[in-house]
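Everything quoted here is computed from the prediction, not taken from an experiment. Letters A, B, ... mirror the listed sequences (proteins, then strands); counts begin at 1.
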Amino acid sequence: MSSTDAPEQASSTDEHDDHHPTPRQYVNIAVVLAVLTALEVSTYFLDFGVIAIPLLVILMVVKFLYVAGWFMHLKFDSRVFGRMMYTGLFLALGLYALAIIVILFDSATIA
Amino acid sequence: MRETRQTRAGSRRRTRTVTGIVVLASLLLAACSGEQNALDPAGPFAQGPHDLIVPVAIIAAVVFVLVQGLIIYSVIRFRTRKDDDGSLPVQVHGNTRLEIVWTVIPAVILAVIAVPTVQGIFEQMDDPGGDDVLAVEVIGHRWWFEYYYPDYDIYTANEMAIPTDTPVRLEMTAADLARSPEQGVVHSFWIPRLAGKQDLVPGQTTFLNMQADEPGRYLGQCAEYCGLSHVNMRARVEAMEPADFDTWVEQQSTPAEVPEDGTLEADGRELYNDLDGRQACASCHQVWEDEGDARAAGQGPDLTHLLSREEFAGAIHDMTEENLRDWLEDPNSMKPMQYEVNGIGMPDLDLSEEELDALVAYLLTLDPES
Amino acid sequence: MSSSTVEKSGFSGRPKGESGIGAWLTTTDHKKIGIMYFFTVLVFFALGGAESGLIRAQLAQAEQNLLTEEIYNQVFTMHGITMVFLVVMPLSAAFFNYLIPLMIGARDVAFPRLNAFSYWVYLFGGIFLYSSFLLGGAPNGSWVGYAPLSTDAVSNMAFYAAGLNIVGVSSLAAAINFIVTILNMRAPGMTFMRMPVFIWMSLVTNFLLLFALPIIAVALFMLNADAVFGAQFFEPGTGGDPVLYQHLFWLFGHPEVYIMILPAMGIVSEILPVGARKPLFGYAAVVFAGAAIGFIGFGVWAHHMFTSAIGPVARSAFALSTMFIAVPTGIKIFNWVFTMWGGKLRFTTPMLFSIGFISMFTIGGLSGVTHAIVPHNAQQHDTYYVVAHFHYVLFGGALFGLIGGVYYWFPKVTGKLMSEKLGKVHFWTWLLGFNLTFGPMHMSGLLGQPRRTAVLPGELGGTVEIYNLLSSLGVVVLTVSALVFLFNLIASIKGGVPSGNDPWDARTLEWLTPSPTPYENFPIIPTVTHRDEFWHRKYAEDDAGKAIPVPAGAAEDHDADAEPEHIHMPDPSYWPLVQTLGFFPFGYGLVYGNFWLIGIGLAWLVIGLYGWIIEPLAEGDDDDPVDEPARPGARAGAH
Amino acid sequence: MAAGVETTTMGLDHRKLGMWTFLGSEFLFFGAFVSAYLLYLDTTAGGPGVEIFDIPFTSISSFVLLMSSLTMVLAHHAHAQGDLRRMRLWILATAGQGAVFLGGQVFEFNVFVREGLTISESPFASSFYVLTGFHGMHVFVGILLLMSVYVLSLIGKIKPTQHVKTEMIGLYWHFVDIVWVVIFTVVYLIPEIAVLE
Ligand code: HEA
Ligand code: HEA
Ligand code: CUA
Ligand SMILES: [Cu+2]
């Protein structure tokens with residue numbers, strides 16, 4: 001089967017290994033993640049006032065993107081993988097947000 | 001408010017003529033029978049939706065005829081004929097213009113239907129407001145409906161009395177008092193000729209508007225599956241002229257009479273309050289005998305004016321002496337319940353013949369007419 | 001490649017036998033698994049049908065007492081569960097299994113052992129659900145299992161929660177398998193827009209499964225936790241919200257109904273062009289509409305809750321989205337009709353069922369649109385009018401399409417034709433019995449007959465009774481019809497007329513290979529240059545769009561330059577069967593709240609997984625190729 | 001017909017594609033639990049609520065789990081280099097950190113139960129335990145998988161070239177970590193801060 005040439009021919013495994021990050025880069029990412037986590041936890045000890053919650057959400061998203069992008073190689077791997085994941089993620093966000101909105105703000109009880 | 005109701009009545013007459021022409025003759029045929037018939041509205045809150053569905057049904061019928069017509073036409077016209085030369089037909093791959101047509105036309109039709117639908121939703125759910133609105137609280141139990149009239153402090157069950165030509169706003173919830181005031185399962189209150197259905201959700205309050213144009217007995221049914229005896233959870237609305245309704249309120253607001261000492265009925269009352277050792281009727285039911293006492297909901301239906309109702313036990317049995325006796329003797333055979341396994345319903349209290357005689361005699365005194 | 005023999009001496013060895021029962025129990029061949037799905041479905045269909053027979057017997061007349069309320073409630077619940085989860089979904093899976101690899105020009109699915117795993121989990125999940133009848137009663141809380149009724153111990157719904165979760169594992173595994181197969185294993189040249197519509201619809205369906213199943217898994221876990229482990233998710237007494245369950249269920253439940261219809265739509269889209277001898281009218285539109293239905297299908301769930309505790313804004317929004325879904329569905333209907341338009345129709349049995357599909361499904365679809373008229377939905381909801389709607393779409397839609405598919409691909413599987421004469425008897429009695437059974441329900445529902453009621457109350461009025469009697473008579477016709485089908489099936493398997501390789505003059509790749517399909521599917525993987533590749537190998541179009549047969553032998557041989565290949569096929573395996581048995585202790589543990597059983601079940605599943613992993617590697621499995629050249633040095637470094 | 005990447009239509013490894021597909025669906029799974037939790041934040045039925053959380057403690061175990069992602073990716077990197085010995089080392093480190101996290105969770109649950117927060121206490125309690133419990137189960141499965149890789153590579157069942165296997169388990173592990181990133185913020189920090197205010 002290796003003799004048939006598919007039109008959407010792929011790079012071989014070894015090829016895409018080349019642009020994988022180095023351990024040093026991984027460690028750097030981990031340091032960043034650690035700092036972000038420290039910042040997160042500090043919101044508990046220090047009073048950030050109104051920006052605390054938006055800040056936490058932003059930090060969460062950034063951490064998410066770092067882990068997904070670097071550790072899970074989304075930045076380097078095929079875009080198909082990312083699409084799979086983000087489809088699930090955004091579908092979940094959309095559907096559950098809608099359901100929560102209906103339950104909290106438009107239950108018949110309030111009408 | 002009155003005004004809209006009048007215009008509704010007007011449109012009602014109009015759609016009656018429209019319905020007459022509707023192709024679905026069977027719809028019409030059916031519309032003449034049955035007291036639990038969704039096609040035969042008897043009040044504005046049932047009429048509104050009806051006036052909406054009739055044109056939709058016509059549109060659907062047209063689409064139906066169109067699609068089936070196309071299918072039948074193609075089947076006949078394009079069948080392979082006996083004398084076919086075996087060649088292949090023209091290989092058409094599609095036609096963008098046609099495809100746009102049958103995308104846009106249904107979309108437009110639906111957009112047109114959507115407008116009155118959304119209006120109808122708000123109309124259906126809005127509080128009718130005004131001074132003459134009667135409030136009734138409906139509590140769904142497994143497996144019977146309890147009604148409470150907050151304006152008059154009246155408890156009753158299964159049969160709801162309402163005055164005609166008066167909007168009624170039901171405030172509904174569900175509970176199985178046997179377990180806790182907030183536990184219960186979902187039910188749905190539905191009197192088809194007076195209004196659509198609305199679920200009763202334990203721990204929440206939902207609302208339903210209804211109104212009857214004519215006096216009469218309107219049948220209904222719990223319409224959300226609620227377990228074992230869901231089928232035996234029926235409901236009735238007894239609509240009466242406002243004057244009769246006032247009389248009814250009067251009667252219900254009078255305490256039950258206490259039978260004279262020494263009679264069989266009085267023995268029954270004794271037993272009702274104390275079944276030595278066995279669970280007393282009074283622990284689940286209330287018979288309100290003294291103006292000074294508070295009226296309260298119980299695990300079972302309020303029995304104060306039991307005989308003012310025509311049916312009992314989820315409105316599945318006629319209120320006759322015989323039936324009441326059978327009920328007390330073996331409630332489960334009259335209506336499947338789950339007292340033993342689940343604490344739901346009325347227990348079999350192992351009553352002796354004498355006890356039955358006395359209790360039934362007592363129950364029969366609970367009649368506001370006497 | 002010879003290095004693989006070294007591996008054969010591993011932990012337990014792999015089963016060999018090519019025939020006999022052992023071959024079926026250990027098979028990883030997508031075709032065999034598809035066939036097993038099919039026959040299992042037949043059994044469950046008979047069970048679900050028998051249950052519906054009981055329902056109809058009870059309701060044939062008013063105030064009958066053939067079944068007590070207690071039994072009736074179990075029967076209708078199991079009927080719904082059986083038909084949805086053990087008949088229609090796995091029947092679709094049977095088609096996915098058999099056809100997806102063939103239609104995309106592959107030799108198997110991406111994960112053959114996982115495929116076998118899916119089948120066994122489905123079978124055992126079904127047996128698990130039915131075992132409840134012997135263990136104190138079947139679930140009786142309806143197929144939607146609304147809380148808090150279903151958290152009540154007497155509802156036996158723990159069986160439902162655990163059982164459906166088991167069956168769900170099967171579907172989820174299968175969904176991943178088919179998605180990867182379709183995305184990643186197409187023959188060279190088969191671009192997305194060259195895929196058969198059935199493949200498209202399978203892809204959409206499996207994505208729906210992928211994203212909908214986890215939602216019901218959560219709902220069922222919560223139900224299970226409430227019912228057995230004392231959790232309070234839906235317990236109003238402590239502030240739990242019963243409506244949350246409804247949202248979660250229907251978030252899954254509505255995509256689920258499209259999961260049931262889309263495969264049938266795919267099948268019909270394959271049969272109609274063949275029967276009309278004309279390509280599908282508006283391929284792109286049909287594909288796009290299918291994807292749109294799948295997508296919009298996630299946004300309409302609350303239309304099952306119009307009478308529940310949701311407010312006017314939500315009711316309006318969901319009414320609009322629900323109506324809108326009629327647009328893409330309509331596109332498909334009209335495209336199918338115009339596929340027939342101008343063709344030369346041959347009324348073979350598959351074609352009859354496909355035409356029946358369009359016709360009957362339209363009825364169900366139109367009554368669906370009337371449900372979305374929310375003010376009046378309050379009258380229809382939970383009446384037989386809804387029962388009529390969903391049987392028209394499920395039976396008149398999904399089942400008509402799937403049965404048409406059985407007739408159509410039977411020659412592919414067996415190399416024999418099913419009797420056309422019996423097929424036509426089956427079709428016409430099926431159509432008649434179906435309409436007789438479910439047509440009258442529109443009327444009885446509007447006349448006020450509520451569903452899920454164990455007795456037909458006499459007080460509803462005389463008219464309802466006659467409609468119910470007609471419905472019950474319809475089941476008699478359907479049963480006779482089903483027996484004709486069954487007889488036809490068995491007789492044709494035994495002594496059907498040989499069909500040749502291409503009995504219908506078909507269009508898609510699966511007919512390129514001999515019938516019955518050889519073990520390796522394709523001796524040479526075809527290279528695809530057209531949509532409807534197989535047809536284009538047989539015919540050319542002249543300038544006027546008229547098709548002319550290509551003389552035999554003159555066809556340009558697309559695969560001529562392909563070298564003969566060394567064909568690897570997946571080895572059979574014991575482990576899918578052995579491992580999935582672990583779902584029994586696991587499931588019973590969940591039902592009885594027994595942590596020992598749960599532990600045993602989990603341990604069993606894990607050990608099974610190890611068996612699976614450690615099993616000697618075979619060529620062409622879902623594993624690394626064993627013949628990959630080992631890197632010298634690397635191995636040494638490992639020690 | 002091996003699943004070699006060269007021979008697939010999209011040029012992707014079946015197993016990686018399958019894993020990503022699965023992870024896509026997992027969002028719907030955890031999302032439903034998180035939604036229930038958010039809905040029930042205040043539904044404590046008079047029992048303990050979010051104030052019961054011990055943020056410093058959870059921060060530490062969250063941090064450990066986060067760092068296990070680093071060791072995981074290093075394990076994969078080592079495997080990709082064909083260095084099984086180092087790979088095993090990192091695998092052990094990862095599994096160890098996972099075990100620390102799990103231990104922390106067990107400890108935390110025990111404390112909560114002693115303080116009166118049992119699963120039957122309230123919808124809040126149920127949704128908290130079931131959500132974090134399911135996450136814990138995922139970690140547990142991850143540890144099992146890691147240990148399998150460890151053992152299989154020892155007995156030669158996983159070869160230096162087969163780094164896709166470590167990569168797959170890595171994907172799963174990182175995903176579980178990501179879910180915890182969300183849980184830590186949404187379940188612990190934000191409600192806690194909202195209560196403090
Ligand atoms: C295969 C399964 C299937 C399918 C395909 C559908 C399709 C549809 N369903 Fe149905 N439905 C069910 C299975 C299905 N349903 C089940 C099982 C239930 C009950 C669950 C339970 O409670 O137990 C149910 C219940 C149900 C309800 C809730 C009823 C209630 O309980 O109150 C509603 C409400 O809106 C609804 C709507 C629709 C609509 C609008 C469609 C649309 O997709 C239909 C679209 C199709 C057409 C409209 C026909 C073709 C179109 C044209 C020819 C174009 C022109 C048309 C117009 C201009 C109108 N369905
Ligand atoms: C695909 C789904 C599907 C199918 C095909 C059917 C098929 C049938 N259903 Fe349906 N039904 C549902 C899905 C389906 N059903 C669902 C989801 C519900 C809701 C449940 C709930 O409320 O919870 C429901 C509910 C339901 C009710 C309402 C019950 C109630 O609310 O109280 C009724 C009542 O008549 C009914 C009748 C029938 C009938 C007569 C058939 C017939 O068409 C069946 C015909 C089939 C046969 C007669 C089989 C015969 C086969 C043989 C004899 C072959 C023997 C073969 C071998 C041994 C291999 N069904
Ligand atoms: Cu109450 Cu059904
Ligand atoms: Cu739906």
Give, as side chain, backbone, both or neither, the part of C:L280 having an atom under 4.5 angstrom from any heavy atom of chain B.
backbone
Output, in order, the C-alpha distance, side-chain angles, deciding distance and verdict of side chain to side chain contact (heavy atoms under 4.5 Å, CB included) for C:W341 and B:L70.
CA-CA 9 Å; C:W341 194 276; B:L70 276 174; 3.8 Å; yes
More than 12 foreign heavy atoms under 6.0 Å from CZ of C:F288: is that the case here?
no
From B:L88 CG over to C:D505 CG, what is the distance, rounded to the nearest 0.5 angstrom?
7.0 Å
Need one label for C:V455: side chain, backbone, both or neither, based on atoms under 4.5 Å from any heavy atom in chain B.
both
Quick check for you: to the nearest 0.5 Å, what is the distance between B:Q338 atom CD and C:S155 atom OG?
9.0 Å
So, the part of B:S87 with a heavy atom under 4.5 Å from chain C: the answer is both
Below 4.5 Å from any heavy atom of chain B, which atoms of C:V464 appear? Answer side chain, backbone, both or neither.
neither
Do C:Q379 and B:I53 have side chains that approach each other closer than 4.5 Å (heavy atoms only, starting at C-beta)?
no
Any side-chain heavy atom of B:F64 sitting closer than 4.5 Å to one from C:I363?
yes
Could you tell me which portion of B:L228 (side chain, backbone, both or neither) has an atom closer than 4.5 angstrom to a non-hydrogen atom of chain C?
both
Which bit of C:T383 comes within less than 4.5 Å of chain B, counting heavy atoms only: side chain, backbone, both or neither?
side chain
Contact between C:S308 and B:E224 at the side-chain level, heavy atoms closer than 4.5 Å - yes or no?
no
So, the part of B:R81 with a heavy atom under 4.5 Å from chain C: the answer is neither
Report, as yes or no, whether the 6.0 Å neighbourhood of atom CD on B:Q68 holds more than 12 heavy atoms from other residues, nucleotides or ligands.
yes
Heavy-atom cut-off 4.5 Å, strictly under: side chain, backbone, both or neither for B:D126 against chain C?
neither
With no hydrogens and no angle check, is any side-chain donor or acceptor of B:K197 less than 3.5 Å from a backbone partner on C:T307?
no
Contact part of B:P336 toward chain C, heavy-atom cut-off under 4.5 Å: side chain, backbone, both or neither?
side chain
C:F347 side chain near B:V75 side chain, heavy-atom distance below 4.5 Å
yes
Where does C:A147 contact chain B at under 4.5 Å (heavy atoms): side chain, backbone, both or neither?
backbone
Contact class of C:V374 relative to chain B, heavy atoms under 4.5 angstrom:
both
Considering only heavy atoms, which portion of C:P273 lies under 4.5 Å from any heavy atom of chain B: side chain, backbone, both, or neither?
neither
Tell me, side chain or backbone of B:A195 under 4.5 Å from chain C's heavy atoms, or both, or neither?
backbone
For side chain to side chain contact (heavy atoms under 4.5 Å, CB included), just list the numbers for B:H230 and C:N73, CA-CA rounded to whole Å, side-chain angles, deciding distance to a tenth of an Å, and then say yes or no.
CA-CA 10 Å; B:H230 163 65; C:N73 293 343; 6.0 Å; no
Is B:H93 in contact with chain C via its backbone, its side chain, both, or neither, using a 4.5 Å heavy-atom distance?
both
Interface moiety of B:V104 toward chain C, non-hydrogen atoms closer than 4.5 Å:
neither
Counting only heavy atoms closer than 4.5 Å, note whether B:L98 contacts chain C via side chain, backbone, both or neither.
side chain
Can you tell me which portion of C:F76 sits under 4.5 Å from chain B's heavy atoms? Options are side chain, backbone, both or neither.
side chain
Assess the side chains of B:S229 and C:E69: does a donor N or O sit below 3.5 Å from an acceptor N or O?
no
Verdict with reasoning, B:Q221 to C:L460, per side chain to side chain contact (heavy atoms under 4.5 Å, CB included):
CA-CA 10 Å; B:Q221 156 85 41; C:L460 283 188; over 6 Å; no
Check: B:F78 and C:K278 side chains under 4.5 Å, non-hydrogen atoms
no
Rounded to the nearest 0.5 Å, the OG1 atom of C:T370 sits from the CG atom of B:L52 at a distance of 11.0 Å
Check the pair C:F338 / B:N95 against side chain to side chain contact (heavy atoms under 4.5 Å, CB included), numbers first and verdict last.
CA-CA 10 Å; C:F338 276 76; B:N95 180 326; over 6 Å; no
Short question: side chain of B:E99, backbone of C:I331 - any donor-acceptor pair under 3.5 Å?
no
If I measure from the heavy atoms of chain B, does C:L320 come under 4.5 Å with its side chain, its backbone, both, or neither?
side chain
Does C:T238 offer a backbone N or O that forms a donor-acceptor pair with the side chain of B:Q183 under 3.5 Å?
no
Whatever's closer than 4.5 Å to a heavy atom in chain B on C:A289 counts as neither
Quick test of your reading of the model: are C:D152 and B:R142 salt-bridged, counting only N-O distances below 4.0 Å?
yes
Test item: C:F281 and B:V92 side chains (from C-beta on) under 4.5 Å apart, heavy atoms
yes
By a 4.5 Å heavy-atom criterion (distance strictly below it), what part of C:A153 contacts chain B: side chain, backbone, both, or neither?
neither
Among C:R451, C:H442, C:Q380, C:Q449, single out the residue with the greatest number of heavy-atom pairs under 4.5 Å to chain B.
C:Q380
Engaged part of C:Y539 at the chain B interface, taking heavy atoms whose separation is under 4.5 Å:
side chain
